[in-house]
Amino acid sequence: GVGGCGIFVQCNVAPFDGFGRQWSESANGYEPGIGFAWTQAWVLLESAPAVAFTYMDQPELLFDYQLEAQNSAGFVTKNYNGDDKAKVSFIANSDGLDLSHRLKDYGGAWINGVYRPGDMPDYGYFSRDSTGPDGPMMNTLFGIGITDKDDVVLNDLNLPATPDTATARMLSLQTSELRYGRWTISDGYGPISNDFATTMQIEYFNGTNFIKNNDVSITEFDFVDATLTDISLGGILPALSGNGNFTNGITQELIIAAPNRNGEVKLDYTVDNWFKYKWVDGHVGFDQSPSANIVFGFFYGNDRVIYRRRLN
């Protein structure tokens, strides 16, 4: 037990042969990690690097970490096994603005005084603002904080960077950019005898307008995620084909086969949540996949041209 003079008596197992030992803060003759009386500090042992940019609502923002409560000898105090003793929080700070409330789906588990993700890294996301596009959130730093019922603090607090106000420890010194993205498809017109190459583009909100995201060259598309709906074409709908990656935020490789007749179709493409937008006036929420109207027909040339031939 712990007496009024601060003396701790414990029966230890190996390597102390099971004999009772008297413990003092200056001694090492004790079983480390039992009880909070000598906890000295919280230490962050592992963290994950940030990424250049991530879309809001994209659940691919990785945090990796290992928090330990250590005593003065550097041993882990093993009695931390739940939020009743210490509560962990995750921090997002963009140019001094606290955006922690928009971090979602993060959380590890306590195992013998260590707080860390489970078997897999901790993937979560930075949520969109429900009222509409915002950002981009530049120079965003992510951190981890802890509230200990015994007022033990995390070592080397550095987030936010303002002196004397830091409440968390950075997971990485590298900053990230958080973007509000959307996936667009352009309406189009084409002759009835030609395959039609649709134009799809990845954009993000720059604070004023949506612009093409030239940093995108790994986002994939596949015709199996697209569907055609007849508007005035009639008959069997033309086939869809094409798959691959966007190049500098754009692709024209999703193909609608030539229908060989006049008419109009609607092209719908199912996208991930972080690429959805509000496309229909009056719709509530920014949760719609993109679509486009494609018209096939005859297109006349200049009335003054009777015949044109290419000369080799």
Side-chain angles (χ1 to χ4, degrees), residues 41-70 76-131 133-149 151-162 165-181 204 272-276 286-287:
W42 286 95
V43 178
L44 178 64
L45 297 184
E46 297 179 5
S47 61
V51 294
F53 81 89
T54 305
Y55 293 109
M56 300 176 191
D57 269 5
Q58 184 180 14
E60 297 182 14
L61 193 58
L62 167 65
F63 290 173
D64 200 9
Y65 46 85
Q66 179 171 315
L67 275 175
E68 292 183 353
Q70 294 185 355
V76 176
T77 57
K78 300 178 181 178
N79 66 324
Y80 286 88
N81 283 301
D83 288 344
D84 58 324
K85 291 183 173 63
K87 185 175 181 179
V88 176
S89 58
F90 296 92
I91 308 300
N93 189 285
S94 173
D95 286 327
L97 180 63
D98 184 12
L99 299 171
S100 306
H101 63 285
R102 294 176 67 172
L103 290 176
K104 307 295 181 183
D105 288 355
Y106 289 104
W110 292 101
I111 301 176
N112 294 326
V114 177
Y115 187 84
R116 63 177 306 164
D119 295 334
M120 299 295 291
D122 195 359
Y123 282 99
Y125 64 96
F126 183 92
S127 63
R128 289 177 163 190
D129 189 326
S130 61
T131 63
D134 68 343
M137 305 304 179
M138 309 295 291
N139 303 317
T140 306
L141 291 165
F142 302 106
I144 191 167
I146 191 161
T147 303
D148 186 298
K149 75 171 187 177
D151 297 323
V152 179
V153 297
L154 185 61
N155 273 353
D156 302 323
L157 297 176
N158 56 9
L159 189 67
T162 308
T165 63
T167 59
R169 174 80 176 273
M170 293 181 192
L171 291 174
S172 172
L173 296 177
Q174 179 184 346
T175 61
S176 293
E177 181 179 347
L178 301 165
R179 297 178 178 177
Y180 192 111
Y204 75 96
D272 293 307
N273 289 337
W274 55 93
F275 285 132
K276 292 181 178 180
F286 293 78
D287 57 359

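FYI, the numbering just counts along the sequence from 1.
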Legend entry - Spatial distance of atom CG (N139) from atom CD (E177) [nearest 0.5 Å]: 8.5 Å
Inset, instruction - Please confirm whether the backbone N or O of A92 pairs with a side-chain atom of S100, one donor and one acceptor, at under 3.5 Å? - result: yes
Legend entry - S127 and D57, any side-chain heavy atoms less than 4.5 Å apart: yes
Inset, instruction - Return the minimal non-hydrogen interatomic distance between P117 and D64, and the atom names on each side. - result: CG-OD1, 3.8 Å
Inset, instruction - Using modelled atom types only, decide if a donor and an acceptor are shared between the side chain of R128 and the backbone of W274 within a distance under 3.5 Å. - result: yes
Inset, instruction - Considering non-hydrogen atoms only, spot the tightest contact between L141 and S172 and give its length. - result: CD2-O, 3.7 Å
Inset, instruction - Using ring-ring contact (aromatic ring centres under 6.0 Å, His included) as the criterion, list what pairs up with Y106, not counting sequence neighbours. - result: F63, F90
Legend entry - Q58 backbone acceptor or donor facing D272 side chain under 3.5 Å: no
Legend entry - Validation row: L103, F126 side chains within 4.5 angstrom (heavy atoms): yes
Legend entry - Nearest heavy atoms of V76 and E68, plus distance in Å: CG2-OE1, 3.4 Å
Inset, instruction - Decide yes or no for Y125 and Y55: does some side-chain heavy atom of the first lie under 4.5 Å from some side-chain heavy atom of the second? - result: no
Inset, instruction - Enumerate the residue pairs fulfilling salt bridge (Lys or Arg N to Asp or Glu O under 4.0 Å) with a member in residues 133-146, sequence neighbours excluded, ordered by first and then second residue. - result: R102-D134
Inset, instruction - Can you measure from CZ (F53) to OG1 (T175) and round to the nearest 0.5 angstrom? - result: 14.0 Å
Legend entry - Heavy-atom pair with the smallest gap, counting every atom of R179 and P136: CG-CB, 4.3 Å
Legend entry - D148 (side chain) donor-acceptor with A86 (main chain) under 3.5 angstrom: no
Inset, instruction - Can you see which heavy atom on T167 is nearest to which on P160, and at what distance? - result: N-CD, 4.1 Å
Inset, instruction - Could you tell me the separation between the OG atom of S89 and the NE2 atom of H101, rounded to the nearest 0.5 Å? - result: 14.5 Å
Inset, instruction - Please round to the nearest 0.5 Å and tell me the distance separating atom CG of L99 and atom CD1 of I91. - result: 11.0 Å
Legend entry - Student check: side-chain heavy atoms of D129 and Y180 closer than 4.5 Å: no
Legend entry - Note, I111 side chain near R116 side chain (heavy atom, < 4.5 Å): no
Legend entry - Beyond-backbone contact of V88 with I146, side-chain heavy atoms, under 4.5 angstrom: yes
Legend entry - Backbone of L178 reached by a side-chain donor or acceptor of T54 within 3.5 Å: no
Legend entry - Student check: side-chain heavy atoms of L171 and L159 closer than 4.5 Å: no
Legend entry - Nearest non-hydrogen partners of R169 and N155, listed with the distance: NH1-O, 3.4 Å
